[in-house]
Amino acid sequence: RNNIKHSLLVYIAWVVSLSSYGQTNAQRPNVIFIMSDDHAEQAISAYGHPISQKAPTPHIDRIANEGALFLNNYCSNSICGPSRAAILTGKHSHKNGFMRNGNKGFDGTQQTLPKILQQNGYETAIIGKWHLISKPTGFDHWEILNDQGDYYNPYFITERDTVRRMGYVTDLITDLTKDWLANRDKNKPFFLMMHHKAPHRNWVPAERHYKLYENTVFPVPETYFDDYEGRYAAAQQEMNIYRDMYEGHDLKMVTGIDSDTLLYDPWPHAFLETMTPAEQERFFAAYRDRNNDFYTTMRTEKEKALWKFQRYMQDYLATVKSVDESVGEILDYLKANGLDKNTIVIYTSDQGFYLGEHGWFDKRFMYEESFGMPLLMSYPKHIKPGIKIDGLTQNIDFAPTLLDLCQIATPDDMQGRSFKALLQNGRTPKDWRKSLYYHYYEYPGFHSVRAHYGVKMERYKLMHFPKENLWELYDIKKDPSEIENIFGKKGTAKITQKLQQELLMLQDKYEVDNEYR
Ligand code: SGN
Ligand code: CA
């Protein structure tokens, strides 16, 4: 009798566990987190910027049409590794330890979003750019690009080996992602990060897109010939399109008519030499007419600067085209496999980027273009299609939000906040945050942007360059391009004081050491 009773209990326990396990798993959403590298909001047509209207991204826009478009999402530190670390940990740079790109690897022993999801029954994977030096932790499967990753025939690293895959990086990452989706453990919900290299420097398009925007004329930003008056740090940078771009490496310019030799390219191993000889030939052939045109038409310095802007935009947006196609393929895959209803889809970039504003490429500054971070998110069960979200959100919020949506408790030491409440109808609850904290540390470093930190509120932004002890204050509403530094100007004392107080409050709240204030 005891035996029968025992088997009966075991059976009941089994049925109960099965049903509750099965049920939670059925209810728990999958998450696909798509992140590209250096993709500016100005180059996503859902955001409506004039540049993107010349080079639309219909597939990425689908995510906003079916879900939410975030109008005020920002990063915490506008540079690759640090933004990725903030996303993984839900913490600012000074807390997760990855403050700048560099030799010191991410501390993978700390708590991260994929680890928590994994511990709660999720199957986790990352495919594509990682750039955190140490090996990924918390992933059941990972296949990452070597360092920055090459556009053509890149090396991928796995737990077991390093393999060179022949093809175009964006397409390879998409195929690897679809393979993983097809072969994953289908009894578990999944968390999948697909991280593209594109549209990172040096903007090499897929062959099918070399000539895509050859004849497109992109609108030149009003601040293209900025004189940086009143902005010391903005004047010091080395990220000017017409002064600092390498004509060979970045702009694919050659030495003369019909030449197949690039102008200055300090890193041929990371560009031309990654292509097969046949690929190199097709590359030069595709650019030949435009490169010849540069030499057959007389141009003033100013006209040359404008020519360079067009070349930069043509290439940058052609690499974006492949990313858009990739997103389309993944969305189609989800639909074809019945995964679209119960999957949270996120599209973002590690930070924003300059598309000629202030004459620049690259990022790093707390000015809107690079501080801003595109964010589009769909989840049919939860997000009303087509909503726009105004509230101030930040990359440190991604982890708490996803945990919240996956019905998993968020650890107290995460510094971000779940924005689930903003997703219902797009309205910002009264008690939502009123300010954001930012801190960029990488100086000295590439592009020579001085270290700075600051606070952004709805209308105003205050920035401090501690080493130079310089302050900048902007009224974003009146001066969206941030060309007039009003710090110390008449009538700004009160607002300055308010922002300085808010900054102190944030530094206390986020426990920023004196060393970094
Ligand atoms: C490379 C780029 C820089 C860029 C950094 C950081 N040069 O060094 O222009 O600022 O990466 O970018 S490159 O021409 O060799 O690519 S990040 O996205 O990794 O932060
Ligand atoms: Ca980046």
Side-chain angles (χ1 to χ4, degrees), residues 34-44 74-88 93 98-106 128-133 144-152 154 169-170 173 193 195-205 237-241 243-253 262-274 308 311-312 315-316 319-320 323 347-355 359-365 369-375 395 440-451:
I34 309 174
M35 182 155 76
S36 52
D37 194 350
D38 296 354
H39 194 177
E41 287 176 14
Q42 307 92 289
I44 295 176
Y74 293 88
C75 61
S76 46
N77 181 355
S78 182
I79 187 81
C80 181
S83 180
R84 288 158 203 264
I87 290 169
L88 289 172
S93 306
F98 205 94
M99 298 157 88
R100 63 193 84 211
N101 281 345
N103 303 322
K104 202 176 135 252
F106 175 71
K129 186 165 172 179
W130 170 249
H131 207 218
L132 289 170
I133 303 151
I144 56 171
L145 289 171
N146 179 24
D147 194 43
Q148 289 283 11
D150 297 324
Y151 273 102
Y152 277 81
V169 69
T170 309
I173 291 170
M193 302 182 102
H195 288 188
H196 282 302
K197 181 213 169 46
H200 188 264
R201 191 181 182 188
N202 64 335
W203 318 291
V204 192
Q237 50 48 54
E238 291 166 13
M239 46 194 241
N240 190 290
I241 293 168
R243 197 186 61 209
D244 303 311
M245 264 192 186
Y246 301 144
E247 291 183 328
H249 176 73
D250 293 316
L251 293 160
K252 292 111 192 152
M253 294 165 69
L262 287 174
L263 283 170
Y264 187 58
D265 175 14
W267 305 296
H269 62 280
F271 172 28
L272 264 195
E273 289 168 13
T274 65
K308 288 182 176 180
R311 169 60 58 89
Y312 167 42
D315 285 345
Y316 179 96
T319 69
V320 165
V323 175
Y347 184 84
T348 187
S349 163
D350 57 348
Q351 5 68 208
F353 211 67
Y354 294 96
L355 303 186
W360 297 341
F361 63 105
D362 217 68
K363 52 258 180 179
R364 300 162 196 269
F365 277 112
E369 292 83 359
S370 50
F371 177 31
M373 194 173 163
L375 181 62
N395 55 0
Y440 172 76
Y441 299 86
E442 200 179 300
Y443 183 82
F446 277 118
H447 303 293
S448 266
V449 172
R450 293 337 194 232

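The first residue of the sequence shown is numbered 1, and numbering continues consecutively from there. First listed ligand is number 1; within each ligand, the first listed atom is number 1.
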For H131, the ligand 1 atoms whose distance to one of its heavy atoms is below 4.0 Å: 19 (O)
Exam field: side chain D350 to backbone D38, donor-acceptor pair closer than 3.5 Å: yes
Pair Y354 and F361, ring centroids less than 6.0 Å apart: no
Region of K197 engaging ligand 1 - heavy atom pairs below 4.0 Å: neither
Q42 (side chain) donor-acceptor with F353 (main chain) under 3.5 angstrom: yes
Best match, R364, R201, H447: closest heavy atom to atom 6 (C) of ligand 1: R364
Residue-atom pairs from the protein, N, O or S only, that lie under 3.0 Å from the Ca ion (ligand 2): D37 OD1, D38 OD1, D350 OD1, D350 OD2, Q351 OE1
C80 N/O under 3.5 Å from ligand 1 N/O: yes
Which of the ligand 1 atoms, numbered from 1, are nearer than 4.0 Å to a heavy atom of K129: 18 (O), 19 (O)
Proximal ligand 1 atoms for I79, defined as those under 4.0 Å from one of its heavy atoms: 20 (O)
Side chain K197, main chain G149, donor-acceptor under 3.5 Å: yes
Closest contact, heavy atoms only, L251 versus R311: O-NH1, 2.8 Å
Short side-chain donor-acceptor distance under 3.5 Å, Y347 and H39: yes
Electrostatic pair E247:K308 at N-O distance under 4.0 angstrom: yes
Taking atom 12 (O) of ligand 1 as the reference point, the nearest protein heavy atom with its distance: K363 NZ, 2.8 Å
Close-contact set for ligand 1 against D38 heavy atoms, below 4.0 Å: 18 (O)
Subset of ligand 1 atoms that lie under 4.0 Å from at least one heavy atom of F446: 8 (O)
Ring centers of W267, H249 separated by less than 6.0 Å: yes
Top protein contact for atom 19 (O) of ligand 1, by heavy-atom distance: Q148 NE2, 2.9 Å
Shortest protein contact, atom 4 (C) of ligand 1 (heavy atom only): D362 OD1, 3.5 Å
Polar contact flag, side-chain donor to acceptor under 3.5 angstrom, R364-Y440: yes
Geometric class of the F365/W360 ring pair [parallel <30°, tilted 30-60°, perpendicular >60°]: parallel
Under 4.0 Å to a heavy atom of N101 - the qualifying atoms of ligand 1, by number: 6 (C), 17 (S), 19 (O), 20 (O)
Closest heavy-atom pair and its distance - V323, A198: CG2-CB, 3.7 Å
Which residue and heavy atom of the protein sit nearest atom 15 (O) of ligand 1, plus the separation: W267 CZ3, 3.4 Å
Short side-chain to backbone donor-acceptor contact, Q148 and H131, under 3.5 Å: no
